[in-house]
Protein chains: 2
Amino acid sequence: MHFLDKLQASSQVRNSRVCVGLDPDPEKLPAVVRQKHGNGLSAVKAFLVDIIQATAGSAACYKPNLAFFESFGGQGWETLREIVRTIPRGIPAILDAKRGDIGNTAQAYARSLFEWFAADAVTVNPYMGTDSLLPFLGYQERGVFVLCLTSNPGAADFQLLKTEGGIPLYIHVARKIDVWKRTNQNVGLVAGATRPEMITSIREAAPDCPLLIPGVGAQGGDLAAAVKTARGRGDAPFVINASRSILYAGSGPDYAEQSAAACSRMAREIEQVV
Amino acid sequence: MHFLDKLQASSQVRNSRVCVGLDPDPEKLPAVVRQKHGNGLSAVKAFLVDIIQATAGSAACYKPNLAFFESFGGQGWETLREIVRTIPRGIPAILDAKRGDIGNTAQAYARSLFEWFAADAVTVNPYMGTDSLLPFLGYQERGVFVLCLTSNPGAADFQLLKTEGGIPLYIHVARKIDVWKRTNQNVGLVAGATRPEMITSIREAAPDCPLLIPGVGAQGGDLAAAVKTARGRGDAPFVINASRSILYAGSGPDYAEQSAAACSRMAREIEQVV
């Protein structure tokens with residue numbers, strides 16, 4: 001099943017466009033988890049298993065970020081694979097890896113993410129250009145979200161630079177991806193929510209492109225504004241990511257219920273705007 | 001010891017500016033290695049241990065690329081850590097990871113690379129800007145090579161785009177890094193050798209910046225031209241990476257000797273130009 005079909009089905013069944021970001025900072029785990037499992041990888045795993053179970057009814061997809069697992073080394077990788085296997089089959093797992101390297105190396109990264117982890121989709125970095133992305137796009141049933149505009153302050157350093165004709169770099173990336181989309185139905189864009197007017201520009205440059213939108217919640221982006229701009233003509237797929245605001249919604253013994261409530265609430269808020 | 005001091009010491013002792021790229025493609029391993037160890041990770045490990053032992057007299061540094069290990073999953077990570085530990089203490093290990101993510105995530109990546117792997121230096125991707133690089137630069141004794149101009153065809157897609165004032169994006173990156181270098185002595189640039197005249201422009205933008213130069217050998221860059229342009233005013237540090245042309249110099253039972261000879265020869269060729 002194609003990633004986009006799987007995402008759409010999951011989204012419709014759950015009436016949700018929420019992507020739950022799994023960025024487990026060991027220092028932020030609820031006290032009850034740390035008391036029972038310590039501060040290490042087994043605590044992270046127990047916590048995420050609970051979060052996934054609690055939110056599976058209202059999460060359109062999950063987006064684990066590799067960095068938080070990699071800080072534990074090889075064992076962190078094994079744990080992430082187990083976490084991916086914990087995610088119910090019908091809910092896509094987008095691995096936030098932001099990889100990018102020359103052709104034969106990108107092929108090895110793609111094999112790692114799509115085969116070893118069995119990711120449904122991944123994020124990649126566009127800086128090295130076409131041949132660094134093609135090996136990922138070659139997995140035609142899997143999704144590939146290319147960084148376009150990110151939600152951090154540093155986005156201004158290079159992504160917003162004006163290129164010839166006054167076109168910012170991120171729009172140049174969006175236009176290029178829009179061209180690639182004609183031959184690669186599996187390509188999408190990462191478009192940060194912290195500057196909603198820029199999502200409008202991205203939608204103009206790539207009207208049908210699936211968008212993965214980080215930056216609401218803890219990062220300060222306005223949810224309603226992001227949804228309105230992301231819809232475009234109304235039929236292009238998008239999901240809105242929240243990590244901290246869902247993962248750490250509660251810090252007491254009912255943390256899983258609090259996460260589930262935060263996820264459902266966000267799903268409803270999005271659908272109200274849609 | 002600061003990474004740059006360690007690199008300089010290694011370079012002087014060995015009279016070499018060769019960086020040996022460890023990009024082990026299992027399909028390219030010598031027949032004798034595959035016969036003895038199969039096609040998997042143990043063959044990769046045995047091969048790299050031989051290569052490191054054989055080239056340790058003439059390699060200024062080593063640059064393992066994470067992708068080739070990650071294609072084996074978590075066990076690949078464990079093997080890479082063992083490989084890093086195999087590299088003699090006085091020779092820096094530059095982990096080619098090309099990571100880049102928002103602040104707290106970049107911190108987790110930095111911890112993974114500098115602490116779990118104990119890398120002396122890493123490569124990072126600039127697309128997400130300052131806050132994605134600062135956590136790496138915070139490890140002041142370790143080196144951070146920022147992708148500026150890469151050696152692949154896709155470099156033309158975005159890196160060569162003219163920004164306002166007619167300045168290509170890669171030069172904009174080089175200028176920014178040159179500014180950062182005033183407060184972060186540990187920052188360097190990746191400057192691909194396939195377009196030597198562009199290394200000249202990078203040297204003008206960042207006169208004292210350490211350069212890591214890939215793209216000679218199998219990728220077609222001209223070694224002498226790269227060396228001449230990389231020297232700049234003659235005292236800025238640089239190393240020239242070769243992967244396939246050293247790793248696969250021989251395919252017979254004497255593959256390690258052939259690699260050692262290829263590495264020594266390249267070191268001499270560089271010093272002749274210098």
Side-chain angles (χ1 to χ4, degrees), chain A residues 23 25 65-81 96 98-109 111-113 115-117 125-134 147 150-159 161-164 166 169 172-173 176 214 219, chain B residues 23 25 65-81 96 98-109 111-113 115-117 125-134 147 150-159 161-164 166 169 172-173 176 214 219:
Chain A
D23 307 0
D25 183 341
N65 189 306
L66 268 71
F68 296 90
F69 300 89
E70 294 190 356
S71 66
F72 292 100
Q75 202 53 48
W77 264 51
E78 300 289 346
T79 297
L80 175 54
R81 180 149 82 157
D96 197 355
K98 299 186 174 70
R99 300 299 198 252
D101 210 315
I102 64 174
N104 67 327
T105 312
Q107 190 68 54
Y109 277 131
R111 201 179 309 127
S112 161
L113 297 168
E115 298 186 24
W116 194 78
F117 281 116
N125 187 306
Y127 192 71
M128 292 181 68
T130 313
D131 61 299
S132 71
L133 304 178
L134 288 177
L147 295 186
T150 57
S151 54
N152 60 322
D157 288 329
F158 304 117
Q159 296 166 26
L161 271 184
K162 294 268 172 62
T163 62
E164 274 176 5
L169 176 60
H172 203 92
V173 170
K176 194 115 191 165
Q219 288 183 61
Chain B
D23 307 359
D25 183 340
N65 189 305
L66 268 70
F68 295 91
F69 299 88
E70 294 190 356
S71 67
F72 291 100
Q75 202 52 50
W77 264 50
E78 300 289 346
T79 297
L80 175 53
R81 180 149 81 156
D96 197 355
K98 300 187 174 71
R99 299 299 199 252
D101 209 315
I102 64 174
N104 67 328
T105 312
Q107 190 66 54
Y109 277 131
R111 201 178 310 128
S112 160
L113 297 168
E115 298 187 24
W116 194 78
F117 280 116
N125 187 308
Y127 191 72
M128 292 180 67
T130 313
D131 61 300
S132 71
L133 304 178
L134 287 177
L147 295 186
T150 57
S151 53
N152 61 322
D157 288 328
F158 304 117
Q159 296 165 29
L161 272 184
K162 294 266 173 62
T163 62
E164 274 176 6
L169 176 60
H172 202 93
V173 171
K176 194 115 193 166
Q219 288 182 62

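Here is how names work: the chains are called A, B, and so on, in the same order as the sequence lines, proteins then strands, and each is numbered from 1.
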**OP:** Identify which part of B:K176 has an atom lying under 4.5 Å from any heavy atom of chain A, answering side chain, backbone, both or neither.
**Re:** side chain
Subject >> Contact origin within B:L147 toward chain A - heavy atom pairs under 4.5 Å >> reply: both
Original post:
What residue in B:L80, B:L169, B:D23 has the most heavy-atom pairs under 4.5 Å with chain A?
Top reply: B:L169
**OP:** Could you tell me whether the side chain of A:E78 reaches within less than 4.5 Å of the side chain of B:E78, counting heavy atoms only?
**Re:** no
Original post:
Using a cut-off of under 4.5 Å for heavy-atom pairs, which of A:G76, A:A155, A:A108 has the most such pairs with chain B?
Top reply: A:A108
**OP:** Identify which part of B:F69 has an atom lying under 4.5 Å from any heavy atom of chain A, answering side chain, backbone, both or neither.
**Re:** neither
Subject >> Portion of B:R81 that has a non-hydrogen atom of chain A nearer than 4.5 angstrom >> reply: neither
Original post:
Is there side-chain contact between A:F158 and B:T163, with at least one heavy-atom pair below 4.5 Å?
Top reply: no
Subject >> Validation row: B:E70, A:W77 side chains within 4.5 angstrom (heavy atoms) >> reply: yes
Original post:
Can you check whether A:G166's main-chain N or O pairs, donor with acceptor, with B:E164's side chain at less than 3.5 Å?
Top reply: no
Original post:
Rounded to the nearest 0.5 Å, how far apart are CZ of B:R111 and CZ of A:F68?
Top reply: 8.5 Å
Original post:
Do A:M128 and B:Q159 have side-chain heavy atoms sitting under 4.5 Å apart?
Top reply: yes
**OP:** Flag the one option from A:N125, A:T150, A:L133 with the top tally of heavy-atom pairs under 4.5 Å to chain B.
**Re:** A:N125
Show the atom names and distances, to 0.1 Å, of all donor-acceptor pairs under 3.5 Å that link a side chain in residues 100-107 of chain A to residues at least two apart or in another chain.
from	atom 1	to	atom 2	distance (Å)
A:D101	OD1	B:K98	NZ	3.3
A:D101	OD2	B:N65	ND2	3.2
A:D101	OD2	B:K98	NZ	2.8

Original post:
Do you know the tightest heavy-atom contact between B:V173 and A:Y127?
Top reply: CG2-OH, 3.5 Å
Original post:
What pair of heavy atoms forms the shortest contact from B:D131 to A:G154, and how long is it?
Top reply: OD1-N, 2.7 Å
